[in-house]
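Structure first, commentary second.
Labels below follow one simple rule: chain letters A, B, ... track the order of the sequence lines, proteins then strands, and each chain is numbered from 1.
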Protein chains: 2
Amino acid sequence: MSTRLDLTFAALGDPTRRTILTMLLEDDMAVTDVAEPFEMSLAAISKHLTILTRAGLISQEKRGRVKWCKLEPDALREASVWMQGFGQFEPVNLDDFERFLARELSD
Amino acid sequence: MSTRLDLTFAALGDPTRRTILTMLLEDDMAVTDVAEPFEMSLAAISKHLTILTRAGLISQEKRGRVKWCKLEPDALREASVWMQGFGQFEPVNLDDFERFLARELSD
DNA sequence: GAAATCGTCAACCGATTGGTTGAATGACGC
DNA sequence: GCGTCATTCAACCAATCGGTTGACGATTTC
């Protein structure tokens, strides 16, 4: 049996999925639009979205024939709480975050 | 190619490895002592420790015939910084952390 | 030096992962 | 109703994962 924390961290372990999450930070997106920038089949992206959904990191709602993907920060918050017990990390440094984000997106 | 962030999150996706990290919060430990509470072979634990090492989450130093494992919070800090960009999480709540830790350890 | 201890290596196993392709389902637009 | 668009399903593939067992190389102890 996998706990939600297992699924959350495992889901974050793939760069494609992390990039999807950063895209969803901007706004909710349809599956086809999520897939557009990737050099990979729509079916592959659909699988990634299923994994993110099972991990609780996003939710998907079907309206008409398009399925909208929405970031769900709760699972991330759980994981973040778990992590912060190690080492009493200083409060969020937004500059650090933007550096990491930039490095991620440039890959 | 896998980035360190990939390796870090993937490493955290396994409950055995997260438990090992919580054990190492207390103190540095020898491989055999890390393995003792688990119902699994020493070789399996050795593999988990290799994964944690490659992810940068721990370091291993051999002194004599004993190999000591030490928590390395830097990789966790990187991952934490990445995560905290999502949702501007409130400052660490230690009570939350202890609840999660208790739930984890009771599995 | 022989025996025990610490840890890894190598080979194997079944299950899962991350991807592909092609067919199938469902909803729209005309 | 027919074609098209949005998405998933099903089958397949190679690679990786998480575990096992048994042999092995160091190191310590007697």
Side-chain angles (χ1 to χ4, degrees), chain A residues 1-21 23-24 27-70 104 107, chain B residues 1-24 27-71 104 107:
Chain A
M1 182 204 59
S2 284
T3 71
R4 167 149 141 169
L5 210 43
D6 297 343
L7 296 174
T8 302
F9 280 125
L12 291 173
D14 183 279
T16 300
R17 290 192 290 262
R18 284 202 311 280
T19 302
I20 291 175
L21 291 178
M23 291 163 59
L24 292 178
D27 209 348
D28 300 356
M29 295 179 77
V31 173
T32 305
D33 295 334
V34 170
E36 196 272 331
F38 295 96
E39 293 172 340
M40 137 184 2
S41 70
L42 188 58
I45 296 293
S46 178
K47 282 190 188 181
H48 281 303
L49 292 172
T50 300
I51 291 171
L52 287 170
T53 301
R54 276 207 289 256
L57 288 164
I58 68 169
S59 60
Q60 294 180 283
E61 184 198 353
K62 194 164 182 179
R63 280 203 297 272
R65 67 180 161 180
V66 344
K67 204 165 185 179
W68 293 91
C69 305
K70 178 169 176 288
E104 272 288 296
D107 286 349
Chain B
M1 184 204 60
S2 284
T3 71
R4 167 147 141 172
L5 208 45
D6 296 344
L7 296 175
T8 302
F9 279 126
L12 291 172
D14 183 279
T16 299
R17 290 193 288 263
R18 284 202 310 281
T19 303
I20 291 175
L21 292 178
T22 66
M23 292 164 59
L24 292 178
D27 210 348
D28 300 356
M29 295 179 78
V31 172
T32 305
D33 294 335
V34 170
E36 196 272 331
F38 294 97
E39 292 172 340
M40 133 183 9
S41 70
L42 185 60
I45 295 294
S46 177
K47 283 190 185 181
H48 281 304
L49 291 172
T50 300
I51 291 171
L52 287 170
T53 300
R54 276 208 287 256
L57 288 164
I58 68 169
S59 59
Q60 294 181 282
E61 183 196 356
K62 195 165 181 178
R63 281 203 295 273
R65 68 177 163 185
V66 171
K67 202 165 187 178
W68 293 91
C69 305
K70 178 169 176 289
L71 198 59
E104 271 289 295
D107 286 347

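Set against dT8(D), dT7(D), dA11(D), the side chain of Lys47(A) has dA11(D) as its closest nucleotide. Comparing dT8(D), dT20(D), dT8(C) by their nearest atom to the side chain of Ser41(B) picks out dT20(D). Across dT20(D), dC6(C), dT8(D), the shortest atom-to-atom separation from the side chain of Leu42(A) is found for dT8(D). Side chain of Val31(A), nearest nucleotide from dT8(D), dG19(D), dA11(D): dT8(D).
At a threshold of 4.0 angstrom between heavy atoms, the contacts of Arg63(A) with the nucleic acid are absent. Residue Ala30(A) is in sugar-phosphate contact alone, with no base atom involved, counting any heavy-atom pair closer than 4.0 Å across all strands shown. If you check every strand for non-hydrogen atoms under 4.0 Å, Ile51(B) touches sugar and phosphate atoms only.
Contact between the side-chain N/O atoms of Ser46(A) and the OP1/OP2 oxygens of dT7(D) is not found at any separation under 4.0 Å.
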Check the pair Leu57(B) / Leu12(B) against side-chain contact (heavy atoms from CB on, under 4.5 Å), numbers first and verdict last. CA-CA 9 Å; Leu57(B) 288 164; Leu12(B) 291 172; 4.1 Å; yes
In sequence, state the C-alpha distance, the side-chain angles, and the governing distance for Val66(A) and Thr32(A), and then conclude on side-chain contact (heavy atoms from CB on, under 4.5 Å). CA-CA 8 Å; Val66(A) 344; Thr32(A) 305; over 6 Å; no
Would you please test Leu52(A) and Gln60(A) for side-chain contact (heavy atoms from CB on, under 4.5 Å) and show each step? CA-CA 10 Å; Leu52(A) 287 170; Gln60(A) 294 180 283; over 6 Å; no
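When each of Ala10(A) and Trp68(B) is assigned the nucleotide of DNA chain C bearing its nearest heavy atom, the one mapping closer to the 5' terminus is Trp68(B). Annotation: of the two residues near DNA chain C, His48(A) and Lys62(A), the 5′-most nearest-nucleotide partner is His48(A).
Atom CZ of Arg65(A) is separated from atom C1' of dC5(D) by 4 Å (rounded to the nearest Å). For the pair Phe38(B) CZ and dG7(C) P, the interatomic distance rounds to 15 Å; values are reported in whole Å. dT21(D) atom P lies 12 Å from atom CE of Met40(B), rounded to whole Å. Put simply, CG on Leu49(A) is 7 Å from P on dT8(D), counting in whole angstrom units. Atom CD1 in Ile45(A) sits about 17 Å away from atom C1' in dC9(D), given to the nearest Å. Atom NZ in Lys67(A) sits about 8 Å away from atom C1' in dT8(D), given to the nearest Å. The separation between Asp6(B) atom CG and dG18(C) atom C1' is 13 Å, rounded to whole Å. Atom P of nucleotide dG7(C) and atom CD1 of Ile20(B) are separated by 13 Å, given to the nearest angstrom.
Taken to the nearest 0.5 Å, the CG atom of Leu5(A) stands 11.5 Å off from the CG atom of Asp14(B).
A pairwise comparison of heavy atoms in Ile51(A) and Ala11(A) identifies CG2-CB, 4.0 Å as the closest pair.
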